[in-house]
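Taking it in order: structure first as structure tokens, then the write-up.
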Amino acid sequence: MGGHAALTVSGWLPATDMPRYVRELCDFVGFADADAAIVRASAPVVLEREAELTTALYDHFLKYPESARFFLGADGAPDTARIERRKHSLGRWLHETAKAAVTLESSYYLLAVGLSHSHRATGPGGVVPAHLVVNAISLAQSALAGIFAAALPPSRALEASVAWNKLLLGHLNVFLLGYLPPAPGGGA
């Protein structure tokens, strides 16, 4: 890939064919059918801890002013209703991720999630900075590794961590699309 490889793929914009883009991301990181099967097989240990995982992530966000500002009310206190809605959205993403699907619907769902962070016109905090999206994926990966280490035999925990890591990095690439301008002239 040449000049604008991070922005377009072989002369086309990723958002014009999200399933293709996500498949190519999966291919690049080596996320194969076996990895998808591992994600689906390990999903129950993740999903049974959904509330714990989402609570821990939002508690972490509230510790840091840069991320907390997205979840505070006008009075400066945590907006618990907003946080509960965000936890619900994070839970939905976990359920979608656990399917390890690369479909038209799942691909555009990921794009919508990314755009909701990169193009927030309303709500507290405004646009979520790209580095916070990257950091959130890192926090999720670390939390998942801990869940797998506690719930699975060591070899299965490692397999699950690797498979989920590959998938989450693919998701991260999609989430970051909204932060990248299209390449001039639309070509690579």
Side-chain angles (χ1 to χ4, degrees), residues 9 14 17-64 67 70-71 83-118 128 130-179:
V9 181
D17 188 351
M18 287 306 299
R20 174 183 170 188
Y21 181 63
V22 173
R23 276 192 309 277
E24 289 182 5
L25 291 170
C26 288
D27 289 346
F28 189 84
V29 298
F31 185 80
D33 291 341
D35 295 296
I38 291 167
V39 167
R40 288 189 291 273
S42 60
V45 300
V46 173
L47 298 179
E48 70 187 22
R49 291 170 180 83
E50 174 190 331
E52 172 189 331
L53 188 61
T54 58
T55 296
L57 188 61
Y58 282 93
D59 286 350
H60 186 86
F61 291 158
L62 289 171
K63 290 179 187 177
Y64 298 90
S67 53
F70 297 100
F71 310 106
I83 293 168
E84 287 306 313
R85 287 192 308 273
R86 300 288 40 95
K87 286 181 186 179
H88 177 76
S89 294
L90 178 58
R92 178 175 177 219
W93 173 73
L94 283 172
H95 282 268
E96 292 297 323
T97 302
K99 296 175 189 176
V102 179
T103 64
L104 179 73
E105 294 81 15
S106 67
S107 300
Y108 283 103
Y109 165 74
L110 292 174
L111 181 61
V113 169
L115 292 175
S116 74
H117 289 83
S118 64
V128 177
H131 70 276
L132 290 181
V133 175
V134 172
N135 292 344
I137 291 294
S138 177
L139 291 169
Q141 289 170 317
S142 297
L144 290 170
I147 287 170
F148 298 138
L152 301 173
S155 64
R156 287 191 53 220
L158 177 60
E159 288 176 342
S161 291
V162 168
W164 280 78
N165 181 62
K166 291 176 186 178
L167 186 57
L168 293 186
L169 286 177
H171 285 198
L172 178 58
N173 275 277
V174 174
F175 295 162
L176 294 177
L177 285 176
Y179 295 95

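The structure presented is a predicted model; accordingly, all values stated were derived computationally and were not measured. Sequential numbering from 1 along the given sequence is applied to the chain's residues.
Summarising the geometry of L111 relative to V174, their closest heavy-atom pair is N-CG1, 3.5 Å, with the distance given to 0.1 Å. In terms of heavy-atom proximity, V39 sits nearest to A98 at CG1-O, 3.8 Å. For L152 against A160, the heavy-atom pair with the smallest separation is CD1-CB, 4.0 Å. Among all heavy-atom pairs drawn from W164 and A43, the shortest one is CZ2-CA, 4.1 Å. In plain terms, the two heavy atoms of E50 and L94 that are nearest each other are CG-CD1, 4.3 Å. Contact record, K99 with R40: O-NH1, 3.2 Å, taken as the closest heavy-atom pair.
Other residues, nucleotides and ligands contribute only 12 or fewer heavy atoms inside 6.0 Å of the NE2 atom of H88.
In this structure, the side chain of S161 does not engage the main chain of L158 through any donor-acceptor pair within 3.5 Å. Looking only at distances, a side-chain donor or acceptor of R49 sits under 3.5 Å from a matching main-chain atom of V45. Using a distance-only test at 3.5 Å, with no hydrogens or angles considered, a donor-acceptor pair links the side chain of S106 to the main chain of A101. Here the side chain of K166 pairs a donor or acceptor atom with the backbone of G30 at under 3.5 angstrom.
The CG atom of N173 lies 9.5 Å from the CZ atom of F28; values are rounded to the nearest 0.5 Å. Here CG of D35 is found 9.0 Å from CG of L167. Values are rounded to the nearest 0.5 Å. Between D59 atom CG and F71 atom CZ the span is 11.5 Å, to the nearest 0.5 Å. For the atom pair Y108 OH and D17 CG, the distance stands at 6.0 Å (nearest 0.5 Å). The structure places CD1 of I38 at 11.0 Å from CG of D33, a figure rounded to the nearest 0.5 Å. To the nearest 0.5 angstrom, M18 atom CE is 11.0 Å from T103 atom OG1.
Taking the six-membered ring wherever Trp is involved, the centroid distance between the rings of F61 and F70 does not fall below 6.0 Å.
Checking R86 against S89 by side-chain atom types alone, a donor-acceptor pair falls below 3.5 Å.
Ion pair E159/R156 not flagged as a salt bridge, since none of the NZ, NE, NH1 or NH2 atoms sits closer than 4.0 Å to an Asp/Glu carboxylate oxygen.
Put simply, the side chain of V128 reaches to within 4.5 Å of the side chain of Y179, judged on heavy atoms.
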>> Test side-chain contact (heavy atoms from CB on, under 4.5 Å) on T97 and V46; report intermediate values, then the result.
In response: CA-CA 10 Å; T97 302; V46 173; over 6 Å; no

> Which is it for F31 and L169 under the side-chain contact (heavy atoms from CB on, under 4.5 Å) test, yes or no, and what are the steps along the way?
Replying inline: CA-CA 10 Å; F31 185 80; L169 286 177; over 6 Å; no

>> Checking V134 against L176 for the side-chain contact (heavy atoms from CB on, under 4.5 Å) test, could you report, in this order, the C-alpha distance in whole Å, the side-chain angles of both residues, the deciding distance, and whether it holds?
In response: CA-CA 8 Å; V134 172; L176 294 177; 4.2 Å; yes

> Run the side-chain contact (heavy atoms from CB on, under 4.5 Å) check on F175 and H117 step by step: do they pass?
Replying inline: CA-CA 8 Å; F175 295 162; H117 289 83; over 6 Å; no

Let me have the donor-acceptor pairs involving side chains of residues 137-149, under 3.5 Å, with sequence neighbours excluded, atom names and distances please.
residue	atom	partner	partner atom	Å
Q141	NE2	N165	OD1	2.3
S142	OG	S138	O	3.1

